[in-house]
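This report refers to the structure that appears directly beneath it.
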Amino acid sequence: MKILMATHYFGSHQGGIELVAEKLASEFAASGQEVTWIATNASLSPGQGVKFRSVSISAFNVIERKIGLPFPIPTLAALRRMRKEVRLADIVILHDCLYLTNIAAFIFARLNGIPAMIVQHIGLVPYPNRALSGLMKFANRVVTRPMLRSARQVVFISEITKRYFAAVRFKTPPAMIFNGVDTEVFRPLSAKEQKSDIRRTLGLRTDRPVMLFVGRFVEK
């Protein structure tokens with residue numbers, strides 16, 4: 001099967017959506033599928049050694065540089081390349097709806113009768129900025145919900161997101177698949193490893209609890 005996966009950035013951008021997409025692309029390719037990952041050149045495409053094909057399309061990333069909102073704007077040449085790649089696919093997988101690259105991929109898939117699956121990661125981001133929050137509510141109403149209604153299949157990665165879009169009339173019942181754990185990075189201690197020894201190596205106290213935060217420092 002020829003799978004086209006569309007995101008706004010590649011995994012080098014280090015956002016949650018992009019990292020999940022990169023892992024999925026690798027796993028699909030490892031299972032024998034022909035995978036193409038298309039995203040903007042606002043982030044570096046995967047290097048050599050991956051088992052899938054990546055397509056980097058041109059875009060303006062001024063919005064993220066100015067206000068920190070990850071919202072690249074694809075060029076006309078990028079949209080033409082997106083249309084070409086969609087036509088070659090058997091299925092299009094989109095990660096979230098409000099990115100222009102994904103909206104374009106969805107429209108091209110509909111025009112060419114190619115099934116689209118949407119992996120919806122977020123519902124409403126509670127921005128402290130009221131104007132930004134209001135804009136996102138409006139965009140979810142006029143863009144996200146119609147896309148979710150029209151998609152061949154929708155996958156939610158959290159109960160919170162699923163509840164937010166519960167009123168949508170889906171073509172098929174949405175699936176609920178939580179993000180997995182990369183066991184090559186996160187694993188139980190081996191029989192030869194001691195937590196106290198690892199803490200000492202990292203300069204952490206051994207007599208008190210340690211809290212770990214994993215994420216990006218963005219306003220949400």
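Other residues, nucleotides and ligands place more than 12 heavy atoms under 6.0 Å from the CG atom of Leu202. Counting heavy-atom neighbours within 6.0 Å of Ile63 CD1, excluding the residue itself, gives a total above 12.
The hydrophobic clustering, which links ILVMFWY residues whose side-chain heavy atoms are closer than 4.5 Å, places Val62 and Ile67 together.
Scored by the ring-ring contact (aromatic ring centres under 6.0 Å, His included) test, Phe106 finds no partners at all (sequence neighbours excluded). With sequence neighbours left out, Thr206 forms a side-chain hydrogen bond (donor to acceptor under 3.5 Å, both in side chains) with no residue at all. When the side-chain hydrogen bond (donor to acceptor under 3.5 Å, both in side chains) test is applied to Arg200, the partners found at least two apart in sequence or on another chain are Asp197.
Counting only heavy atoms from C-beta outward, the side chains of Leu189 and Ile198 approach each other to under 4.5 Å. In this structure, the side chains of Phe52 and Met5 stay at 4.5 Å or more apart for every pair of heavy atoms. Using a 4.5 Å heavy-atom cutoff, the side chains of Leu132 and Met136 are not in contact. Side-chain contact between Glu85 and Met82 is absent, with no heavy atoms from C-beta onward closer than 4.5 Å.
Using modelled atom types, one side-chain atom of Thr40 and one backbone atom of His8 make a donor-acceptor pair closer than 3.5 Å. Although no hydrogens or angles enter the test, the distance criterion places no donor-acceptor pair under 3.5 Å between the side chain of Asn140 and the main chain of Arg145. Side-chain N or O atoms of Ser43 include none that pairs as donor or acceptor with a backbone N or O of His13 at under 3.5 Å.
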Please tabulate, one pair per line, all N/O donor-acceptor pairs under 3.5 Å involving side-chain atoms of residues 165-185, not counting sequence neighbours.
unit_1 : atom_1 : unit_2 : atom_2 : d
Thr172 : OG1    : Arg152 : O      : 3.0
Thr172 : OG1    : Gln153 : OE1    : 3.2
Asp182 : OD1    : Glu184 : N      : 3.0

In residues 87-100, what donor-acceptor pairs under 3.5 Å come from side-chain atoms, sequence neighbours left out?
unit_1 : atom_1 : unit_2 : atom_2 : d
Asp90  : OD2    : Lys2   : N      : 2.8
His95  : ND1    : His121 : NE2    : 3.0
Asp96  : OD1    : His121 : N      : 2.5

Derivation and outcome, side-chain contact (heavy atoms from CB on, under 4.5 Å), residues Met147 and Ile103: CA-CA 8 Å; Met147 286 177 64; Ile103 295 172; 4.1 Å; yes
For Ile57 and Thr101, what are the C-alpha separation, side-chain angles and deciding distance, and is it a side-chain contact (heavy atoms from CB on, under 4.5 Å)? CA-CA 9 Å; Ile57 56 177; Thr101 49; 4.1 Å; yes
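A side-chain N or O of Glu64 and one of Tyr9 form a donor-acceptor pair less than 3.5 Å apart.
Note on residues 129-153: no pairs pass ring-ring contact (aromatic ring centres under 6.0 Å, His included), not counting sequence neighbours.
Minimum heavy-atom separation, Glu193 to Pro188: OE1-O, 4.5 Å.
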